[in-house]
Amino acid sequence: MLLARLAQVSREVAATSARSRKTALLAELFREAEAADVPVVIPYLAGRLPQGRIGVGWKVLGRPVPPAAAPTLTVREVDARLTRLAAVSGPGSQAERTRLVGELMGAATEDEQRFLLGLLTGEVRQGALDAAAVEGLASATGAPAADVRRAVMLAGSLQAVAEALLAEGPDALGRFRLTVGRPVLPMLAHTASSVAEAVARLGSCAVEEKLDGIRVQVHRDGATVRCCTRTLEDITDRLPEVTAAARELPGERFVLDGEVISFGADGRPRSFQETAGRVGSRTDVATAARAVPVSPVFFDVLSVDGRDLLDLPLTERHAELARLVPGPMRVRRVLVAGPEDVRAAEDFLAETLARGHEGVVVKGTDAPYSAGRRGASWLKVKPVHTLDLVVLAAEWGHGRRTGKLSNLHLGARAADGSFVMLGKTFKGMTDALLTWQTARLGELAVEEHPWGVTVRPELVVEIGYDGVQRSTRYPAGVTLRFARVIRYREDKRPEDADTVETLFAAHPEAAP
DNA sequence: TTCCGACAGTGGGGTCGCAAT
DNA sequence: ATTGCGACCCCACTATCGGAA
């Protein structure tokens, strides 16, 4: 199959907003694909490279190359070239990758170049990625979409399911079961604004502490232990403590879901930055582990001794977890019967925060484990802090925000009346707000840049954030974590804005 | 008919490892 | 030695479609 055909379909998919039409276009293409093209066509249309990320970003892509006049590239040829490119390493590798990318782009037509650019940078922007590819695949093969989706979640891979399905038909789906040693996409949580809201929505529930670490899925099969992240990246080699802990447990074959986090000598959790830095260390794990030891803390079990527990209610899965994993290695939790019991849940949240954790996750007791889904039966609750800050500048948006001032530079008031930048945010804005702020900030602009405008510091905006973290980028030495716009405060003047001192008073642990 | 779940998009900041300078 | 880049960890929130209620 020619790459040009993929580029054409991607363009057509992007041009329609109807999901059913997107699915139909993808299904048509999957039907056309030869068997040998499938392992490439499927991930490409889901906006992914079979090789994963291959060390090509904006810098390596370099300057635009004149496009070819006629399409000649096949998808398999492109895949073979990218496999070679991914294997390049050592001194001079960046130049060699740049050369190979240039060669590839030179062989591509304008339409193909546009598609390849999106693929390589991870910005396909066709409004249809995994879910649409799953639907299209189901439609192309006559398999029920729900069965295909479930197989993909359990295989942790669209590609493997696609190959089996196109080669053998819908019967192949039965093969994709939960298997110890093969990572499963983890269940994710929605957000609730308060424990009361979460309990009201779920009724009978478990309230579990939410640790601010790295999600980890642990598979043990006899002496073999594998650990993977939320995106199914294998990090076994970086977590010797977790491997050892899993081997100590009284079970030979199981799959556990939890969080890996580092506790200080005082027993309190270290900051996310410290835990993430440790888990990110690959070159000298032993030294990193001595400085920042990590512990696994589990909250779910997906399989034990060959029994698949995914469809069991939380209560039953937790009973299995309690049999397998000792208390100190499980998250703390309380059971709440319903809204009449909300005080217990609120007290538990307060205790959890006092112990230095992030918040809680409220889970419906009857809910199964929905692999790969953001199930409505898991609701996280974290306290939200707010500050009134001043807009110092704004950056032009991209994609659907092109032409709108989007990303705001946020400043707190300093003692001398100047403003200290604390970070940026593009979150929390409706389209109407984007339009309004583009006009308003345009009036306040004092300087235009290629990236946006700097403005007179007059506009006050209420910002929500989850906490502060250390920063070398900003002058106060800290920045806001997950800052988002709540509302503009046109009733406030910049001299009413919050100060750096206010910030440090609210977060004394972050003060210099 | 209205409501709501799921998904894609729009990016934020930090840290590590590797290559370039 | 330092800097720049890419990958990947954490993540919030809005718009939209289409099935559920």
Side-chain angles (χ1 to χ4, degrees), chain A residues 14 16-23 46-47 52-61 88-97 120-135 145 149 188-191 211-216 229-233 235 238 259-260 271-284 288 358 370 372-376 380 382 384 395 397-402 404 406-410 422-434 463-474 478-486:
Chain A
T16 175
S17 63
R19 286 212 288 260
S20 48
R21 177 82 188 125
K22 290 177 192 283
T23 302
R53 302 254 62 93
I54 58 173
V56 175
W58 290 103
K59 184 65 198 300
V60 171
L61 281 163
V88 175
S89 68
S93 63
Q94 205 178 83
E96 178 63 4
R97 281 203 298 275
L120 291 168
T121 58
E123 295 175 21
V124 169
R125 288 183 178 146
Q126 60 189 16
L129 299 170
D130 292 28
V134 165
E135 296 282 331
R149 190 162 31 218
L188 306 173
H190 277 287
T191 305
L211 309 187
D212 196 7
I214 307 284
R215 184 82 176 262
V216 68
T229 64
R230 194 164 87 80
T231 53
L232 310 189
E233 194 77 11
I235 54 169
R238 299 182 227 165
E259 195 86 1
V260 59
S271 72
F272 172 76
Q273 283 172 300
E274 290 175 281
T275 294
R278 156 59 211 279
V279 176
S281 298
R282 269 164 290 197
T283 46
D284 187 357
E358 205 186 355
S370 313
R373 312 299 290 242
R374 209 170 272 286
K380 59 184 162 188
K382 296 187 285 184
V384 178
E395 299 174 16
H398 300 90
R400 69 185 299 282
R401 291 191 178 185
T402 300
K404 296 283 177 8
S406 171
N407 199 4
L408 304 178
H409 295 198
L410 305 168
L422 288 180
K424 308 180 188 181
T425 186
F426 56 90
K427 296 179 182 120
M429 297 148 188
T430 60
D431 287 0
L433 189 69
L434 281 164
I463 296 295
Y465 65 101
D466 277 20
V468 295
Q469 50 188 358
R470 254 200 317 285
S471 172
T472 54
R473 180 181 309 230
Y474 294 110
V478 295
T479 186
L480 304 181
R481 194 170 181 205
F482 309 138
R484 59 268 194 188
V485 170
I486 295 176

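A note on names: the letters A, B, ... follow the listed sequences, proteins ahead of strands, and every chain is numbered from 1. Owing to the predicted nature of the structure, the values given are computational and were not obtained by experimental measurement.
At the heavy-atom level, A:E123 lies nowhere under 4.0 Å from the strands shown. Using a 4.0 Å heavy-atom criterion, one finds that A:G52 contacts no nucleic acid atom at all. At a threshold of 4.0 angstrom between heavy atoms, the contacts of A:V279 with the nucleic acid are absent. Residue-level contact check: A:G464 touches neither bases nor backbone, having no heavy atom under 4.0 Å from any strand.
Taking the salt bridge (Lys or Arg N to Asp or Glu O under 4.0 Å) definition, one finds that A:R149 meets it with A:E135, sequence neighbours left out. Listed by chain and number, the residues in a side-chain hydrogen bond (donor to acceptor under 3.5 Å, both in side chains) with A:K404 amount to none (sequence neighbours excluded). For A:S271, the side-chain hydrogen bond (donor to acceptor under 3.5 Å, both in side chains) test picks out A:E274, with sequence neighbours left out. Partners of A:D212 by side-chain hydrogen bond (donor to acceptor under 3.5 Å, both in side chains), not counting sequence neighbours, listed by chain and number: A:R481. Partners of A:Y465 according to the ring pair (Phe, Tyr, Trp, His ring centres under 6.0 Å) rule, which considers only residues two or more places apart in sequence or in another chain, are A:H385, A:H507. Not counting sequence neighbours, A:R238 has no partner by the side-chain hydrogen bond (donor to acceptor under 3.5 Å, both in side chains) test. Residues that satisfy the salt bridge (Lys or Arg N to Asp or Glu O under 4.0 Å) test with A:K424, not counting sequence neighbours, are A:E395.
Here B:dG12 presents its P atom at 12 Å from CG of A:L410, a figure rounded to the nearest Å. The nearest whole Å value for the distance from the CH2 atom in A:W58 to the P atom in C:dG6 is 10 Å. In this entry the distance linking CD1 of A:I235 with P of C:dC10 reads 9 Å, nearest Å. Rounded to an integer number of Å, the gap from CD1 of A:I54 to P of C:dC5 is 18 Å. Atom P of nucleotide C:dA7 and atom CZ of A:R230 are separated by 18 Å, given to the nearest angstrom. Straight-line distance from the NZ atom of A:K404 to the P atom of B:dG11: 12 Å, rounded to whole Å. A straight line from CG of A:L480 to C1' of C:dC13 spans 16 Å, rounded to a whole angstrom. Taking atom CG of A:L408 as the reference point, atom P of B:dT10 lies 17 Å away to the nearest angstrom.
An OP1 or OP2 oxygen of B:dG9 is reached within less than 4.0 angstrom by no side-chain nitrogen or oxygen of A:R125. Phosphate contact (OP1/OP2 of C:dA12, side-chain N/O of A:K382, threshold under 4.0 Å): present. In this model, the phosphate group of B:dG11 is approached by a side-chain N or O of A:H398 to a distance below 4.0 Å at OP1 or OP2. Taking 4.0 angstrom as the limit, A:T231 places a side-chain polar atom (N or O) nearer than this to OP1 or OP2 of C:dC9.
The side chain of A:R149 sits closest to B:dC7 out of B:dC7, C:dC5, C:dC8. Minimum atom distance to the side chain of A:A131 is reached by B:dA8, of the listed B:dA8, B:dG11, C:dA12. Relative to the side chain of A:K424, the nucleotides C:dC10, C:dC5, B:dG13 differ in distance, and B:dG13 lies closest. When the nucleotides C:dC8, C:dC5, B:dG11 are ranked by their closest atom to the side chain of A:S406, B:dG11 comes out on top. The side chain of A:H190 lies closest to B:dA6 when the candidates are C:dC10, B:dG11, B:dA6. Counting only heavy atoms from C-beta on, A:V60 has its side chain closest to C:dG6 among B:dG12, C:dC9, C:dG6.
B:dC7 makes up no base pair with any nucleotide shown, lacking Watson-Crick or G-U wobble contacts both under 3.5 Å.
Sequence order on DNA chain B of the closest nucleotides to A:D130 and A:R481 puts A:D130 first from the 5' end. For the pair A:A128 and A:N407, both in contact range of DNA chain B, the more 5′-proximal nearest nucleotide belongs to A:A128. When each of A:T229 and A:T191 is assigned the nucleotide of DNA chain C bearing its nearest heavy atom, the one mapping closer to the 5' terminus is A:T229.
Counting only heavy atoms from C-beta outward, the side chains of A:I214 and A:F272 approach each other to under 4.5 Å.
Within 6.0 Å of NE2 on A:H190 lie more than 12 heavy atoms contributed by other residues, nucleotides or ligands. Surrounding CZ of A:R470 are at most 12 heavy atoms belonging to other residues, nucleotides or ligands under 6.0 Å away.
The distance from atom CZ of A:R215 to atom OG1 of A:T231, rounded to the nearest 0.5 Å, is 11.5 Å.
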Per-nucleotide protein contact string for nucleotides 14-21 of chain B, where B marks a base within reach and S marks sugar-phosphate only (heavy atoms under 4.0 Å, - for neither)
SSSSSSS-
Nucleotides 14-21 of chain C: protein proximity per nucleotide (B base, S sugar-phosphate only, - neither; heavy atom, under 4.0 Å):
SSBBS---
